[in-house]
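To keep things clear, I will list the structure first and then write my remarks on it.
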Amino acid sequence: MNDQSLATRLPGEARRLELLHAVERKLLWLSSWMIHHANHVRPNRDGLKVGGHQASCASSVSILTALYFDALRPADRVAVKPHAGPVFHAINYLLGRQTRERLATLRGFGGIQPYPSRVKDGAEVDISTGSVGLGVALASFGSLVQDYVRLKKLAPEGLPAGRHVAIVGDAELDEGNIYEALLEGWKHDIRDVWWVVDYNRQSLDSVVPDRLFGRIEGLFRDMGWNVVTLKYGKRLQAAFARPGGEALRRWIDDCPNSLYSALTFQGGAAWRQALLAALGREAGMRAILDPLSDDALAGLMNNLGGHDIETLMEAFREAGALGDQPTCFIAYTIKGMGLPFAGHKDNHAGLMTKEQIAGFRSSLGIREGREWEMFEGLGVPEAELRAFLDSVPFARPLTPHGRALSAPKIHVPARLPATAAAPGRKTSTQAAFGEILAEIGRGQGEFAELASRIVTTSPDVTVSTNLGAWVNRRGIFDRHLKKDVFRDAKLASAQRWGMSPEGQHVELGIAEQNLFLVLTALGLADRLYGARLLPIGTVYDPFVNRGLDALIYGCYMDARFVLVSTPSGLSLAPEGGQHQSVNTPLIGIAQDRLAAYEPAFADELAVLLRQALWAMQEEAGCSHWLRLSTRGLAQPDRVLDEAACIAGGYWAVPPEEGARIAIAYQGPVAPEAFAAFETLRAEEPRAGLLAVTSPDRLHAGWMESRRAARRGPGAAPSHIERLLAALAPGAGLVTILDGHPAALDWLGAVRGQRVEALGVDRFGQGGDIPALYAAYGLDESAILDACARVLVGA
Ligand SMILES: Cc1ncc(C[n+]2csc(CCOP(=O)(O)OP(=O)(O)O)c2C)c(N)n1
Ligand SMILES: [Mg+2]
C-alpha cells in the first residue's frame, strides 16, 4: 500500500494523526541531528564538548507536537523547557519561521542558543528559559499581566487573549520559586494557564523519587488547579482492557521509577523476562505478551501518555473545553524515548555516537547528506504534509508583523513633581520617592497619561517602602472587586486597601523572586500584549539578593522596569546586620541591561526617576535601579547638572587647577563627605568633591570608551575620564559609600591615581548612625584619615 492510498482510505482525523506522527518523527530526528551536528560534524577548535540534550528533547517531542501542531492558538504564549530548545527550533523550521541554515548553528557563535532566548533567538520565543523554574512561573505571571492589560482596555482592539503554556521538566518542580508562584497565582486567581509536566522521572543526576508526584498533585489541587494525569497511551489502555490487563496495570503502577527506567533502557527481552516473572501466571497475560515481538513489547511498555499524540490531543482539547481554570498536565514520558539511551539514568547530557546516529538515520529512512531536509524519510507525500503544516492553527500570524507586538511610548514630562522639602530641610530619598510618586498619582495635567501607565508592585513592603500614598490614589489591582473592610467599617487607617480591576498596584506576598518575575512580565507587556506599562517595583535593598536570579532573568529577557530598593546599607542603622545591604552596589555594576543609581538628594532622585521612566521605553534603553535610603539629609539649594547626574556623577565642588586630592562620595554618606571636605579644604584649597550618582554608569561609560579606543583612534573620553581630568595626574582619591568599597575603588584605575577606598566590607549590626559610621570607617574622621594617607602616599 503506498502513502497515497493510505491517505484516501483513512478518515480525516486518523490521517491527521498519521501526519502528526510524521511531524513527531521529524522533530525527534532534527533535534537529535542538530545536537549531533554541533558536536560531531561542525569543526571543533578548542576541544571542548559542545553538548546538548538529545534525551531531554526526545522526552518532550510528542508533547510539543500535540501542542504546537494541534492545541496552540496564535495568541498563546509559551515557555518551552530549557533543554527542549532544539525541538522548539525544529518546530519553527517546519512552520516556516526558522531557516535550515540557522539550524546548523546551534550553540555556535552568533547561532541558535542552547536554551530558548527571546533576545538572542528572536520574537518566536515568547518566554526565555534556562534557569529552571523561572520560565514556568513567568507563564503564570504573564496571564496576570494579560488580564491587567485587558481589563483596563489597554490591549489593541481585536487582539485575542491567549493562553499561557509552560512545558515543564519534572525536576523543575523541585525549585522553590514554583511554589511561590503557585501561591501567588492562587491569590490573584490567575486563569488560562497550562503547565505541562514532562514527567520522565529523571533529573540531571538521576531518577526522581517515587511517590513525590502524589504530593505535588495534591498541592496543585489545593491551589485550585485542575490536574490531568496522562499516564497511559492508547495501546496500553487497550491492553489493560483485555483479560489479565488489570494485573498489568497494577504491576506498572507499583513499578518503582528506577526499575521502569532500567527496563526501558534494556528493551523488549528484559521487559518480557520481568513481566513473565511477575505476572506469567495471571490469566490472560500470556495472550497479551506472547504474540508481541521484543520490539513490539518494548513499544507497548513505552506507550506512556506523554508519548501518545492522540492521548495528548484529547487531553488538551478536553481541558480547553472545560474553561479557564489553570491546569497541570502530568504527562508520563521516557527520557530519551526512541533513542538508544532511552530510560538510562545517566542520559541527561548523553550524546549518540556517530554509529548510533547513523543507525538512527537509516532506521528513519533518511539518506546521508539529506539530514536537514524537511520531508526526507517521512513516507508522507510532500504536498499533503505542506498543506497540513499550512493549516496548523498556531501557524496563523498573530499580527501582520508576527508574534512580536509593540506599543507607542508614553509621554514623560520633562520634570517630575518636586518634593515639598525646601532647601535646608531634611528628607530622605525614600521619602522623596513616595512623595513624587504620590504627586504623579494625582494624575493631573501633563501627568495624566504617565499616571495611568505606571503600575507598582511590592512583596509585602508596599507601605514600608513609601508606596502607600500612591496606592491610596490609584488602588490595588484585582480581577474581582474586593471591598476595603476596614474602610467600610469606618475604622481609622492610613491605607486604603480596596481592590478592583482599575487598581494599579499589584500586591505580592513576601517572595522576592515573584517580585522580579511580575516585574518581568509587566516589563514585557508592550511586546507580549501590545500595551505599554511602566512598572515600578519596591523591595528592601538587602533582599534584592533573595530574588537575584529572577532579576537577572528579567534583564536577560530585556524586560523594562524600575526597581526601587530601599532602605539600604548601614544607614538604616537600628535594623541590624541582616537588613543592612553591602553587596548591592556591586550587583548594580555587574548586571547587564540594568542601569543602577544611588542618589543622595531628592533633586537627584527626581531627575533619575524621570530618566528611568523615559529611558526604559527607548529601543536601546534598559531597566533602571534606584538604591534609596531612609536617612534624612538637609537638601541643597542649587541648580543640578542633570546630564551629569544621569551620566553617573558631577563635581559638587570642582577641583581647581593642580588639585592634589578629591573626595568621591555616593549616597547617604554625603554629609560626612561634605564635612570632611570642608576641613580638608583648609589645608588643600584646590581639592574637589565628586558626587557619584552611579558607579555603574560611570564604569559602563569607561568600558565603552576603552572598547571604542581599541577599535581605532578618535574615541571620545568617557564621563568619568572627563571628570577626573580636572585633577593633577598624581592626585589622590578618597572614595566613600555605604556599601562595598570595591564599587568605587576602581576610580583609581581610570587615570592611574592612588585611592583610599572607604565602605562596608563586613556584616553590619544594630546601632545608631554615628556609632555605625565610626565603627565601619564612614565618618568624618575616617575620611580625613584616608585623605592624609592618600596625600602622603602611605
Ligand atoms: C536554576 C538551575 N539549576 C540547575 C540547572 C542545571 N540543570 C539543567 S537541567 C537540570 C535538571 C533537568 O531535569 P528536568 O527538569 O526533569 O528536565 P528533563 O528531565 O526533561 O531533561 C538541571 C539541574 C539549571 N539549568 N537551572
Ligand atoms: Mg526530568
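Index from 1, following the sequence. Read the numbers this way: they start at 1 and go in the same order the structure lists the ligands and their atoms.
Ligand 1 lies out of reach of His53, whose nearest heavy atom is not under 4.0 Å from it. By the 4.0 Å heavy-atom criterion, Ser131 is counted among the residues contacting ligand 1.
At a threshold of 4.0 Å, the pair Arg317-Glu314 does not count as salt-bridged, since none of the basic side-chain nitrogens sits closer than that to a carboxylate oxygen. In this structure, Asp308 does not pair ionically with Arg235, as no charged nitrogen and carboxylate oxygen lie closer than 4.0 Å.
With Ala349, Cys57, Gly130, Ser56 as candidates, the residue nearest to atom 25 (N) of ligand 1 on a non-hydrogen basis is Gly130.
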Please list every donor-acceptor pair under 3.5 Å in which a side-chain atom of residues 128-141 meets a protein atom from a residue at least two apart or in another chain.
{"unit_1": "Ser128", "atom_1": "OG", "unit_2": "Arg118", "atom_2": "N", "d": "2.9"}
{"unit_1": "Thr129", "atom_1": "OG1", "unit_2": "Val80", "atom_2": "O", "d": "2.7"}
{"unit_1": "Ser131", "atom_1": "OG", "unit_2": "Asp549", "atom_2": "OD2", "d": "2.4"}

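The two residues Phe561 and Leu519 make their nearest non-hydrogen contact at CD2-O, 3.8 Å.
Both the backbone and the side chain of Glu172 come within 4.0 Å of ligand 1, counting heavy atoms alone. With a 4.0 Å cut-off on non-hydrogen atoms, Asn200 touches ligand 1 through its side chain and not its backbone. For Lys335, every heavy-atom contact with ligand 1 shorter than 4.0 Å involves the side chain, none the backbone.
Asp170 contributes atom OD1 as its closest N/O/S atom to the Mg ion (ligand 2).
Under a cutoff of 6.0 Å and an axis angle of 45°, Arg215 and Tyr179 do not form a cation-pi pair.
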